[in-house]
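Both backbone and side-chain heavy atoms feed into the values below; hydrogens, waters and symmetry mates do not. Each ligand, and each atom within it, is numbered from 1 in the order the structure gives.
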Amino acid sequence: MTLSGKRQDLLSAMRSRTGHWISGEELSGELGISRAAISKHIAAIKTLGYAISSAPGKGYLLTEAPDLLLAQEILLGLDTSVMGKNGIVHHHLTDSTNTRARDLARDGAPEGTLVVAEAQSAGRGRKGRSWLARPGEGLLFSLVLRPDMEPSRAALITLMTAVSVAEALINETGINARIKWPNDILVGGKKLAGILTEMSMELDAVDYVITGLGLNVNTPAKAFSPEITDIATSVMAESASAFSRVALLQAILSRFETHYQTLTTRGPETILARWKELSDIVGRRVRVSMMREEIEGQVTDIDADGVLLVQTEAGDALRILSGDVTYLDPCER
Ligand code: BTN
């Protein structure tokens, strides 16, 4: 649900003074509506989980906002013009945000439509794997995109999403996030986030692309089971502090919008260069497990479609469109 204009403005005014009293008169002047209307909107905002006290002669005091990925929280301070600005759907629990976004896209949802969830019952990863996240601790979202690009280039959207997420993490949390081809965000070799990009084509053109992100944010280190504790991590486990999921989402959307515009209007060069910096994969020895075979070799480059180029010891130059990469040499960073 998205709040109506005046209600969103009122929430914004209250949130900017969290912990401070603000009089009904001041709010009424600021928003250009009556004090009776302020009181009605405050009552409605409280039903969404905001703790607001009121006292005669003092006005209103917002003490607590819900720790949820609510549309009205995301919109406060979101500096994009498309991503998240053309509709936000929030689920406390859904099957998969990618599935919800896909259904919305099929019904004509515009580019930038955002689906967020506190929990998923059937979160999906690549290759039929599932994505597990404890309720309220992760960032689980999907965006509807309608890029004017050839379907063969859609892999670039995954690379671009990875760059946006890694940059936002580095900037907001100081974590040394790195990209692992094609869709993982790692820190110190452990997985912090995964991206699932799904596309629908009509004839030779992209109809829509859904790009979904699962990012472990406030999952305590001890919550990872012994089987995955060596391969998975969270922002909290890496930095020993809790982070605002809303602030991280806003930062990711902001970078995403900039990179998406660059990719769709100017081509992939800028994003590929940044991807290479953040991925550290070029020059490294890797094993790539694909559907039917496994190969080893040295990564020579990523091509203009986001395809991994690997030179085997036998001298074959391979183009890898999809697979799981294992690094065979130690990381230098
Ligand atoms: C992977 O690592 O294989 C990709 C994981 C992607 C998980 C996210 S969670 C939000 C969105 N909805 C899904 O069902 N999957 C993606």
Side-chain angles (χ1 to χ4, degrees), residues 68-69 74 83-84 88-106 109 112-145 154-155 157-166 168-169 177-187 189-200 208-219 224 227-228 230-235 245-246 248-249 252-253 256 279 281 288-291 306 308 320-327:
L68 295 170
L69 299 163
I74 297 167
M83 303 303 158
I88 299 178
V89 180
H90 171 263
H91 295 278
H92 288 281
L93 172 65
T94 189
D95 49 359
S96 149
T97 56
N98 264 43
T99 307
R100 293 302 105 235
R102 183 199 64 198
D103 288 355
L104 291 172
R106 281 183 183 160
T113 302
L114 174 69
V115 180
V116 284
E118 305 298 332
Q120 297 178 127
S121 56
R124 293 184 280 115
R126 279 170 70 237
K127 305 193 165 181
R129 295 178 189 130
S130 46
W131 181 265
L132 302 174
R134 304 200 313 175
E137 290 181 351
L139 201 44
L140 310 170
F141 76 85
S142 304
L143 272 171
V144 175
L145 306 172
I157 303 232
T158 304
L159 304 192
M160 196 215 85
T161 308
V163 168
S164 311
V165 175
L169 281 166
R178 287 287 168 260
I179 303 170
K180 183 167 167 227
W181 186 88
N183 70 328
D184 289 349
I185 305 294
L186 306 186
V187 50
K190 293 185 181 184
K191 183 158 170 172
L192 192 59
I195 297 155
L196 180 65
T197 306
E198 297 174 303
M199 174 179 60
S200 167
Y208 61 81
V209 171
I210 306 299
T211 186
L213 176 78
L215 167 64
N216 300 325
V217 182
N218 292 326
T219 310
F224 291 103
E227 308 86 70
I228 62 164
D230 288 342
I231 55 170
T233 190
S234 68
V235 174
R245 292 178 302 148
V246 169
L248 276 173
L249 174 56
I252 292 169
L253 292 177
F256 185 95
S279 88
I281 198 174
V288 189
S289 308
M290 291 165 284
M291 207 106 86
L308 194 66
I320 315 278
L321 283 116
S322 159
D324 285 331
V325 168
T326 308
Y327 295 126

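Using modelled atom types, no side-chain atom of Ser142 and backbone atom of Gly212 make a donor-acceptor pair closer than 3.5 Å.
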* Could you walk me through whether Leu114 and Met83 pass the side-chain contact (heavy atoms from CB on, under 4.5 Å) check? -> CA-CA 7 Å; Leu114 174 69; Met83 303 303 158; over 6 Å; no
* Please test Asp324 against Ser289 for side chain to side chain donor-acceptor pair (under 3.5 Å), starting from the C-alpha separation and ending with a verdict. => CA-CA 5 Å; Asp324 285 331; Ser289 308; 6.0 Å; no
* Asked: side-chain contact (heavy atoms from CB on, under 4.5 Å) between Tyr327 and Ile281: does it pass, once the steps are laid out?
  -> CA-CA 9 Å; Tyr327 295 126; Ile281 198 174; 3.7 Å; yes
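Ranking protein heavy atoms by distance to atom 7 (C) of ligand 1, first place goes to Arg124 O, 3.4 Å. The protein heavy-atom contact nearest to atom 3 (O) of ligand 1 is Arg126 N, 2.7 Å. The protein heavy atom nearest to atom 5 (C) of ligand 1 is Trp131 CE3, 3.5 Å. The protein heavy atom nearest to atom 1 (C) of ligand 1 is Asn183 ND2, 3.5 Å.
Interface of Gly194 with ligand 1, defined as ligand atoms under 4.0 Å from a residue heavy atom, comprises 2 (O), 4 (C), 5 (C), 6 (C). Within ligand 1, the atoms closer than 4.0 Å to a non-hydrogen atom of Leu213 are 8 (C), 9 (S), 10 (C), numbered from 1 in the order shown. Residue contact check: Gly125 has heavy atoms under 4.0 Å from atoms 1 (C), 3 (O), 4 (C), 5 (C) of ligand 1. Ligand 1 places these atoms under 4.0 Å from at least one heavy atom of Gly123: 14 (O). Using a 4.0 Å cut-off to heavy atoms of Gly214, the atoms of ligand 1 that qualify are 7 (C), 8 (C), 9 (S).
Taking all atoms of both residues into account, the shortest heavy-atom contact from Thr97 to Val116 is CG2-C, 4.0 Å.
The shell of residues lying under 4.0 angstrom from ligand 1, judged by heavy atoms, includes Lys191. Not a single heavy atom of Arg129 lies less than 4.0 angstrom from ligand 1.
Judged purely by distance below 3.5 Å, without hydrogens or angles, the side chains of His90 and Glu118 pair a donor atom with an acceptor atom. Side-chain atoms of Thr99 and Arg124 include a donor-acceptor pair closer than 3.5 Å.
The residue from Val115, Leu140, Thr97, Ile195 that puts a heavy atom closest to atom 11 (C) of ligand 1 is Thr97.
Asn183 is not listed as a side-chain neighbour of Leu196, based on a closest heavy-atom distance of 4.5 Å or more.
Between Asp95 and Arg100, at least one side-chain nitrogen of the basic residue sits less than 4.0 Å from a carboxylate oxygen of the acidic one, meeting the salt-bridge criterion.
Contact annotation for Lys127 and ligand 1: no heavy atom of the residue comes within less than 4.0 Å of the ligand.
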